[in-house]
Amino acid sequence: MRGLAAACLISFTMTFPDEDSPAAPADANYDEAKIPKYTLPDPLIEEDGSPVTTPEDWPERRAEILALFEEHVYGKTPEAKLPGLHFEARKEVPGFLDGKAVLKEVRVYFTEKNERPYMDLMLVLPADAKGPVPAFLLLNFSGNHSIHPSPEITLPDAWMRETSKTGDLVKDHRAQEAARGFKASRFPLETIVSRGYGLVTAYYGDIDPDFDDGFQNGVHPLFYAEDQKAPKPDEWGSIGAWAWGLSRALDYLETDAAVDAEKVAVLGHSRLGKTSLWAGAQDERFAVVISNDSGCGGAALSRRRIGETVGRINENFPHWFCDNFNQYSGNEDALPVDQHELIALVAPRPVYVASAVGDEWADPKGEFLSAKLAEPVYKLLGKPGLGEGVEGQPPVDHPVGETIGYHIRTGEHDLTLYDWERYLDFADRHLGKGE
Ligand code: GCU
């Protein structure tokens with residue numbers, strides 16, 4: 001078995017992501033032999049036990065799985081959009097990236113009021129485009145100014161996380177000049193535009209600041225019923241809100257003639273990879289869905305309980321999922337779904353799952369298995385999924401797949417040029433070249 005052999009060759013070094021991760025827990029399990037025996041729900045068996053055998057049966061089963069994820073994992077998204085949603089063009093810089101790109105800044109107001117919460121979208125589009133371009137849409141962790149050093153990018157005025165590690169990048173919870181471009185390695189803009197794609201991004205904290213404040217800030221209060229103070233146990237947490245924000249960004253892109261809104265790949269890294277999967281599962285307008293190192297609550301199977309577990313994630317990040325998800329802390333076998341069914345919700349659209357060797361916390365093998373176990377749904381719908389010959393996890397740095405793409409690369413938990421090159425190749429295959 002290629003997969004097993006690859007897994008044995010991997011030497012794991014524990015590293016933690018650079019955002020706001022708690023210290024490495026001493027008692028986390030990384031030993032395959034210690035995984036309790038588990039049985040996964042079958043995406044092709046309905047709740048009442050009847051098998052799904054034809055493509056015509058799938059929409060009903062899909063709706064059932066989606067409802068289970070809403071009720072038990074991410075929470076229900078209240079409404080697609082509010083009637084007052086509107087957009088404000090704020091800036092256009094034609095000579096961006098030495099003339100290779102056009103920079104656009106657009107503010108998305110979620111209601112009729114021109115006040116927070118709003119989301120500042122930044123678009124970087126190839127200057128030489130002959131028509132609407134396909135695009136990658138992803139949220140960023142640290143503000144639009146962090147993705148490139150250019151002073152043309154507006155410094156955000158949103159709340160930013162300030163930790164011992166942020167130094168002079170953030171002061172009084174506000175972005176500082178020194179932070180321009182400090183996350184540029186995750187956004188290879190020149191490569192993206194030279195391949196004919198646009199890049200669309202926004203700061204995730206514009207939608208919901210990433211801390212547990214009982215959902216008083218961000219977009220949640222916009223949807224509270226009278227006297228409601230917090231989401232109900234089956235209503236959205238922060239991941240649900242961020243995913244909703246991605247759909248509002250797509251609402252804008254549908255109005256921008258420079259972008260082909262039918263060719264938008266939604267992408268996310270880490271907690272934002274969990275988010276891109278949930279966005280792509282719910283909103284079928286996303287043509288391609290990409291999860292980069294998304295781990296627990298993203299692509300990794302919860303029942304494997306390797307690295308980060310449901311209990312651990314609920315404890316450390318109580319605002320990410322819906323309150324009902326707490327019932328499954330240390331109780332994964334009771335979950336009515338598992339994460340391969342999240343990938344299956346994207347079918348028949350192309351989906352890509354990526355892992356990194358040094359990201360054991362995210363359970364790379366569990367991420368692969370989810371992709372593999374979603375394959376029967378793709379096949380039912382007439383798509384090859386991972387395709388012929390991909391049975392086990394492929395060797396490191398050997399991307400595989402057809403409608404489902406997968407790679408595990410050398411290195412740590414990160415979004416790298418290697419990852420982007422694979423996503424660009426995948427997009428070329430499924431969206432047509434960006435020309
Ligand atoms: C923490 C968390 C992960 C998450 C990651 C990130 O490590 O435990 O679930 O993916 O942060 O978003 O950076």
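Whatever order the structure lists ligands and atoms in, that order sets their numbers, starting from 1. Computed from a predicted structure; not experimentally measured.
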Please check whether Trp320 reaches ligand 1 - meaning an N/O of the residue sits under 3.5 Å from an N/O of the ligand, judged on distance alone.
no
In ligand 1, which numbered atoms sit nearer than 4.0 Å to a non-hydrogen atom of Phe317?
1 (C), 2 (C), 8 (O)
Considering both backbone and side-chain atoms of Arg271, is one of its nitrogen or oxygen atoms within less than 3.5 Å of a nitrogen or oxygen in ligand 1?
yes
Using a strict cut-off of less than 4.0 Å between a Lys/Arg side-chain nitrogen and an Asp/Glu carboxylate oxygen, indicate whether Lys183 and Asp414 qualify as a salt bridge.
no
What about Ser294: any of its N or O atoms under 3.5 Å from an N or O on ligand 1?
no
Please classify the Ile313 to ligand 1 contact at 4.0 Å (heavy-atom distances, strictly less than): side chain, backbone, both or neither.
side chain
I want to know whether His407 and Tyr352 have ring centres closer than 6.0 Å.
yes
Would you say ligand 1 has an N or O under 3.5 Å from any N or O of Ser270?
yes
Could you note down all residue pairs passing salt bridge (Lys or Arg N to Asp or Glu O under 4.0 Å) where residues 392-404 supplies at least one of them, sequence neighbours left out?
none
Considering only heavy atoms, does Lys274 approach ligand 1 within less than 4.0 Å through its side chain, its backbone, both, or neither?
side chain
Going by an N to O cut-off under 4.0 Å, is there a salt bridge joining Asp419 and Arg422?
no
Salt bridge or not between Asp363 and Arg305? Use side-chain N to carboxylate O under 4.0 Å.
no
Side chain to side chain contact (heavy atoms under 4.5 Å, CB included) partners for Ala249, two or more places apart
Met119, Leu121, Leu137
